[in-house]
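In what follows, a single structure is set out as structure tokens and then discussed.
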Amino acid sequence: MNLEQSLRTEIQKAVSVLFNQSVEQLQLQPTNAEFEGSHTLVCFPLTRISKLKPEETANAIGNYLVEYSGIVNHFNVVKGFLNLVIADKVWAEVFAVIYANKNYGSLPDNGKEIMIEYSSPNTNKPLHLGHLRNNFLGYSVAELYKAVGYTVHKVQIINDRGIHICKSMAAWKLYGNGETPESSGLKGDKLVGKYYVEFDKHYKAQVKELEEKGVSKEEAEKQAPIMKLAIDMLQKWEAKDAETVQLWKTMNGWVYSGFDVTYKRMGVDFDKLYYESDTYLLGKDEVLKGVEKGIFFKKDDGSVWVDLTDDGLDQKVLLRSDGTSVYMTQDIGTAILRFRDFPKIEGQVYTVGNEQEYHFKVLFLILDKLGYEWAKQCYHLSYGMVDLPTGKMKSREGTVVDADDLMQEMVDAARAQTQELGKVDEMTAQEIDELAEMIGLSALKFFLLKVDPKKRMMFDPNESIQLQGHTGPFIQYTHARIKAILRKASSLNIAPDAKVLKDVSALESAERAIIFKINQYPAKVQEAAREYSPAIIVNYAYELAKEYNQFYQAIPIFSESDAGKLKFRVAFSQTTADTIKKAMALLGIRVPERM
RNA sequence: GGUCUCGUAGCUCAACUGGAUAGAGCAGCUGCCUUCUAAGCAGCAGGUUGCUGGUUCGAGUCCAGCCGGGAUCACCA
């Protein structure tokens, strides 16, 4: 039983003894910094039971806890707030338990499985800033679910078919001269992206030319030879024309190898990939079955619809009048396929931008109507757009921030800063590279994860490159700093053991603050998983590091003469470093031994 | 227009789900490296939480109505 639970139990005991009534709900919160204590019981709601004034209620409970609980040393009351001061002996015991637990913060395997989808790019454009937020979020939520006991399957669906990739193919065929990633030295995804842009350029020129000849805009857009070629390729692809399929495979292959490089640097991975070319025909049977069951209906032109007006939504098309599938149909099929592939998963998390909220609302509703129990366990992890100081990212205006470029800039900035601070004197070139990589990516990930996922956020390149303050590098620095202490402790043969810890009394307030923080860690992990919010861990890690730095600055560890106390300080420095490392790992951020 | 969503310090974000005098970082100003790493610490300054009402012991948080951003309402994906 942890401290908070014990405290709640004791308070409930107090209430039932003092007021002869039981309560389940207690408002227990951290004490404001300005008052003495760590835990505060809000007593206003209890006045109904106590029939006393808030202050009197608080005093009565406080006295009882000091007398009987064995946890509370003393207390103070401000208005209806009962501020409790936990006995140092209890803190020491709490810490001793944490110190001995190697898996602190992780729950044991709960036998449940969950699927998390993220990234899911198109194959015609390189990954950009928006994908970075998506990937970091999805990866982190997966780590959070692992930490609370789930087996997690990370997947993505790659949008590898359709007119967009045919556009790149058409442009490459016309203007590529056989260019390959090898011959050009370009990353595969960049090469294909280049031809997508190329397509657009020529297409616009051709449309303009036709218009100048007196063709209407609408007609010109249809007649532009390059567009005709792209459409022709799409039809050939669907007819499984060998040459077209081969080109498609080749160019997508380039994209995948390019993406792999980017994913690797980002530090994300996937357990299974779904390709839209495999799944785009799925779902149709399911929809037709739905028609038979009367869940969906057919219009006179043959198109199939679902009526969601009773649920406050619209009617939505599921099959076109020519019988072909739409986006929604595919997603229905893919969802069902995934539950067949992984029968044990209890639900799916879709990490997709909030512009698709309506789509997923409809999707989950349809799956529910089709009778799939798991539909209720599907969750759209909807995140807000990333804005630039100049406004929205627009590919047409060339304001898209490329993922590879950005990561490189961050790493370069980290290297420059590290060198400027003179931290690299004793490092090899390889060590410097590794450190710069770690720091640069930490700054980026921390920056993108610190905001509540649901909210739209601002990405200011100048601010993101900051390595001081509320940043990943600040936390990494704290970790490295603690490691330096531990190295010194080890060289002095100071080895803490759990037995000594319990005997420590008279803690400094900075020490209590850190133990209090460390003690919160498991609850924070669970909250973050429940809320699908890595931002909770980001802020937790920051607060813990901040707390430690205050201690570090205020109390010189090795000047302590009491051997027990010295060991205690080394021990909780160790645990702080471990907790920082674990928390950062949940965010996909590594921490260095020195920096 | 319907639906959803956001609005907190000059800027970027918090606020434990209704609790105390709304907190951090950046930017600005003051201090602190002969002691474990100054990518740090301590401090100053900065707020009518978009506006107006309501609910109650208590509202940034809940409700209503305005004002202002954004998203979405395709036989596109």
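Convention: sequence-line order gives letters A, B, ...; per-chain numbering from 1.
- Of the side-chain N and O atoms in A/Arg481, one or more sit less than 4.0 angstrom from OP1 or OP2 of B/A38.
- At least one donor-acceptor pair closer than 3.5 Å links the side chain of A/Asn59 to the backbone N or O of A/Glu55.
- Within the shown strands, B/A24 is the pairing partner of B/U12 under the Watson-Crick or G-U definition, both distances less than 3.5 Å.
- By the 6.0 Å and 45° rule, A/Arg133 does not stack over the aromatic ring of A/Tyr383.
- In this structure, A/Glu560 reaches neither bases nor backbone, as no heavy-atom distance under 4.0 Å exists between it and the strands shown.
- Of all nucleotides listed (B/A77, B/U37, B/U72), B/A77 comes nearest to the side chain of A/Asn159.
- In this structure, A/Gln550 reaches the B/A42 phosphate: one of its side-chain N or O atoms is under 4.0 Å from OP1 or OP2.
- Taking syn as a glycosidic angle within 90° of 0, B/C44 does not qualify and is anti.
- Put simply, the side chain of A/Thr40 and the base of B/A20 share a donor and an acceptor less than 3.5 Å apart.
- With hydrogens and angles ignored, a donor-acceptor pair closer than 3.5 Å exists between the side chain of A/Lys423 and the base of B/U37.
- Within the 4.0 Å cut-off from OP1 or OP2 of B/A24, not a single side-chain nitrogen or oxygen of A/Lys450 is found.
- Of the nucleotides present, B/C73 is the one that pairs with B/G1 by Watson-Crick or G-U wobble criteria, both distances under 3.5 Å.
- Proximity of A/Lys79 to the phosphate of B/U21: a side-chain N or O atom is located under 4.0 Å from OP1 or OP2.
- Nucleotide B/U5 is shown with an anti base, its glycosidic torsion being more than 90° from 0.
- Here the CD1-NZ distance, from A/Ile536 to A/Lys524, works out to 7.0 Å after rounding to the nearest 0.5 Å.
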